[in-house]
Amino acid sequence: MTCPVRQPVRMAIFSTPDHLPVVRAAVEKMCELLGFSSALAGRVMLSSDEALSNIIKHAYRGATDRPIDVEIAPVHDGGRDGIRITLRDWGAYVGREQMRSRDLDDVRPGGLGVHIMCEYMDQLDYQPAEGGGTLLTMVKNLPEKKEVTP
Amino acid sequence: MTCPVRQPVRMAIFSTPDHLPVVRAAVEKMCELLGFSSALAGRVMLSSDEALSNIIKHAYRGATDRPIDVEIAPVHDGGRDGIRITLRDWGAYVGREQMRSRDLDDVRPGGLGVHIMCEYMDQLDYQPAEGGGTLLTMVKNLPEKKEVTP
Amino acid sequence: MTPPTPDGPASDIRRQGDAVIIAVQGDIDLRRSVEFQQEVLTVLDERPARVVVDLTAVPYMDSSGVASLVKVLSRARRQGAKMVLCGLNDRVRGLFEITRLDNVFTIAATCEEALG
Amino acid sequence: MTPPTPDGPASDIRRQGDAVIIAVQGDIDLRRSVEFQQEVLTVLDERPARVVVDLTAVPYMDSSGVASLVKVLSRARRQGAKMVLCGLNDRVRGLFEITRLDNVFTIAATCEEALG
Ligand SMILES: Nc1ncnc2c1ncn2[C@@H]1O[C@H](COP(=O)(O)OP(=O)(O)O)[C@@H](O)[C@H]1O
Ligand SMILES: Nc1ncnc2c1ncn2[C@@H]1O[C@H](COP(=O)(O)OP(=O)(O)O)[C@@H](O)[C@H]1O
């Protein structure tokens with residue numbers, strides 16, 4: 001019987017949109033290994049992609065050669081299993097307050113990423129990182145386990 | 001028009017079989033972004049997986065908590081595009097000579113990994129790494145480009 | 001002119017009656033959304049009565065893809081063209097729901113219906 | 001007994017005439033091959049005349065999966081059981097070719113043929 005994954009995978013990428021599909025593939029696979037449904041895996045994948053896109057667009061203002069560290073970690077919090085995605089950049093720190101998701105009734109392009117992450121993830125936390133930049137931590141838990149009849 | 005990927009992606013994993021599917025997903029996606037056919041991407045994916053399995057089984061003798069560094073890099077060598085996979089472990093260095101692939105006519109389990117990597121990759125190079133362990137570099141080039149009629 | 005890159009766009013454009021159908025292929029993310037938007041805007045330049053954006057071969061879309069479609073929609077409305085989306089997989093449909101744009105866009109249940 | 005893990009094996013075993021068909025699901029790699037081998041060996045314990053290993057739902061296999069199958073094949077031969085593989089995708093078939101085991105194993109073109 002295969003065991004659940006326990007150790008984190010780390011990735012070091014550049015702030016280029018070219019690397020986004022590679023991170024998405026890794027996040028999706030980790031979700032699958034942890035037992036996330038395809039629908040839920042899609043939400044985690046989208047949320048981490050939105051966060052990475054924001055780092056590229058805002059923290060690094062479109063520069064494509066800056067570093068981003070990604071950690072994809074299984075978590076076991078209070079009996080529930082889940083996934084934690086940690087993103088570290090070396091751009092300007094902007095607090096969570098500054099990232100208001102806009103009024104959705106006002107239909108216009110942009111301003112949807114933060115809203116998506118808030119809706120789809122269970123935890124979303126922006127902190128100034130030691131040595132500069134931002135540490136973003138996102139957690140998604142698996143739904144409560146149902147009783148398993150062997 | 002999307003541009004070809006130029007920068008490398010790095011991953012830091014543990015020597016657990018649990019991390020193999022995550023690396024495979026990342027390698028496959030990078031191959032796809034670089035324009036490898038699905039068949040060729042499958043060969044690169046299998047070769048890097050065999051190399052990682054060997055590190056876990058042989059260099060680390062089955063220990064699941066040791067580090068492995070993976071670099072997945074686009075290469076442009078003499079006009080031909082390709083992918084380079086670099087694997088670094090901190091296990092005992094064993095030269096390439098010691099890794100004879102066995103006589104395939106002798107049907108028995110095991111001893112196929114090195115043969116697969118040699119057949120499928122264009123370059124396969126084992127070097128002692130600075131600070132201990134092994135640096136394995138594998139390269140696969142894209143087939144010669146055909147003339148493109150726009 | 002630079003030759004198309006291996007992973008370049010492969011939107012397929014065909015005409016049927018008063019409609020132009022643009023079938024997009026591949027993920028629409030930050031890497032691809034600007035170019036995707038340009039493709040659909042170019043189609044709108046022909047001033048068709050209807051534009052059908054077929055997303056059947058789009059496994060993944062992010063908010064930048066949605067933003068591109070919002071821009072395209074407002075241009076379509078300005079010039080009096082009808083715009084319909086079809087072929088959304090469950091994840092892409094979910095994205096329109098979470099951004100509450102599922103009622104702003106016309107999303108057809110099937111691509112046949114979109115053309116009907 | 002521990003409950004099955006989310007990504008645990010899901011081999012489906014059914015009987016048809018003198019054959020046992022074992023339909024494996026998921027990648028067969030270093031993570032999974034030992035357990036996969038055990039699954040098929042357990043089926044062989046029933047001493048069926050034929051074992052069909054259906055790989056239709058196996059997107060990926062590595063040399064450890066092949067090694068498991070070699071072990072299973074030699075056990076099948078020892079006890080006089082026929083063993084047939086079916087449902088190999090192009091990549092998995094390529095693996096048998098590159099390891100020159102495509103002529104050692106009986107590989108059916110289709111799973112229907114394997115049962116015929
Ligand atoms: N990583 C970040 N660094 C700096 N500012 C950010 C970051 N992420 C988001 N923001 C700010 O929050 C706003 C809302 O972000 P978002 O909802 O993703 O929409 P969009 O990126 O389309 O503007 C952005 O316009 C930006 O001002
Ligand atoms: N990374 C490695 N470190 C040490 N020894 C290795 C390594 N990779 C391969 N070998 C040696 O080469 C042999 C052949 O490897 P391989 O063809 O992959 O078959 P297998 O792993 O099934 O034995 C192994 O049995 C091992 O002795």
Side-chain angles (χ1 to χ4, degrees), chain B residues 13-28 31-32 36-64 68 99 101-121, chain D residues 5-10 24-38 40-41 44 53 55 57-78 83 85 88-107:
Chain B
I13 63 164
F14 288 95
S15 56
T16 165
D18 289 346
H19 285 174
L20 297 179
V22 183
V23 178
R24 288 203 299 271
V27 168
E28 182 172 33
C31 285
E32 189 191 301
F36 281 86
S37 67
S38 164
L40 227 46
R43 292 171 175 209
V44 175
M45 190 167 75
L46 178 61
S47 299
S48 45
D49 200 43
E50 294 290 344
L52 284 170
S53 296
N54 278 349
I55 292 173
I56 297 173
K57 289 189 299 176
H58 305 301
Y60 286 145
R61 293 155 202 259
T64 58
I68 305 175
M99 299 183 199
S101 49
R102 65 173 174 75
D103 181 1
L104 291 186
D105 291 331
D106 172 22
V107 178
R108 55 174 180 77
L112 300 169
V114 172
H115 167 75
I116 290 170
M117 292 183 259
C118 289
E119 290 283 319
Y120 276 168
M121 300 300 280
Chain D
T5 54
D7 57 326
V24 197
Q25 230 176 46
D27 294 350
I28 306 180
D29 60 359
L30 192 60
R31 191 164 183 261
R32 175 74 198 286
S33 56
V34 169
E35 166 202 27
F36 162 65
Q37 180 182 318
Q38 203 44 58
V40 192
L41 287 178
L44 278 173
V53 182
L55 301 172
V58 175
Y60 176 81
M61 192 186 290
D62 75 353
S63 74
S64 73
V66 170
S68 292
L69 281 170
V70 169
K71 276 184 214 145
V72 167
L73 178 67
S74 70
R75 180 49 198 283
R77 281 181 176 166
R78 268 206 311 280
M83 181 169 139
L85 310 181
L88 288 69
N89 70 23
D90 287 348
R91 288 177 175 182
V92 175
R93 184 175 295 272
L95 174 62
F96 281 86
E97 286 162 9
I98 196 74
T99 54
R100 299 200 213 130
L101 290 165
D102 50 332
N103 292 320
V104 173
F105 285 92
T106 308
I107 302 177

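Just so we're clear, the structure is a prediction, and the values are computed from it rather than from any experiment. Order of the sequence lines sets the chain letters (A, B, ...), proteins ahead of strands, with each chain counted from 1.
- A salt bridge links R91(D) to E28(B): one of the charged nitrogens lies within less than 4.0 Å of a carboxylate oxygen.
- Neither the backbone nor the side chain of T16(B) has a heavy atom closer than 4.5 Å to any heavy atom of chain D.
- Residues D49(B) and Y60(D) share a closest heavy-atom pair of OD2-OH, 2.7 Å.
- Only the side chain of L20(B) comes within contact range of chain D, judged by heavy atoms closer than 4.5 Å.
- Contacts between L52(B) and chain D at a heavy-atom distance below 4.5 Å are absent for every atom of the residue.
- Counting only heavy atoms from C-beta outward, the side chains of R43(B) and I98(D) never approach each other to under 4.5 Å.
- Taken to the nearest 0.5 Å, the CD atom of E50(B) stands 5.0 Å off from the CG atom of D62(D).
- Looking at R31(D) and H19(B), their side chains never come closer than 4.5 Å, going by heavy atoms from C-beta outward.
- From L112(B), atom CG reaches atom CG of L101(D) across 6.5 Å, with rounding to the nearest 0.5 Å.
- Two residues are said to be in side-chain contact when any heavy atoms from C-beta on lie closer than 4.5 Å; D29(D) and R24(B) meet this criterion.
- Within the 4.5 angstrom heavy-atom criterion, no atom of D90(D) approaches chain B.
- A 4.5 Å side-chain heavy-atom check between I116(B) and S63(D) finds at least one atom pair inside the cut-off.
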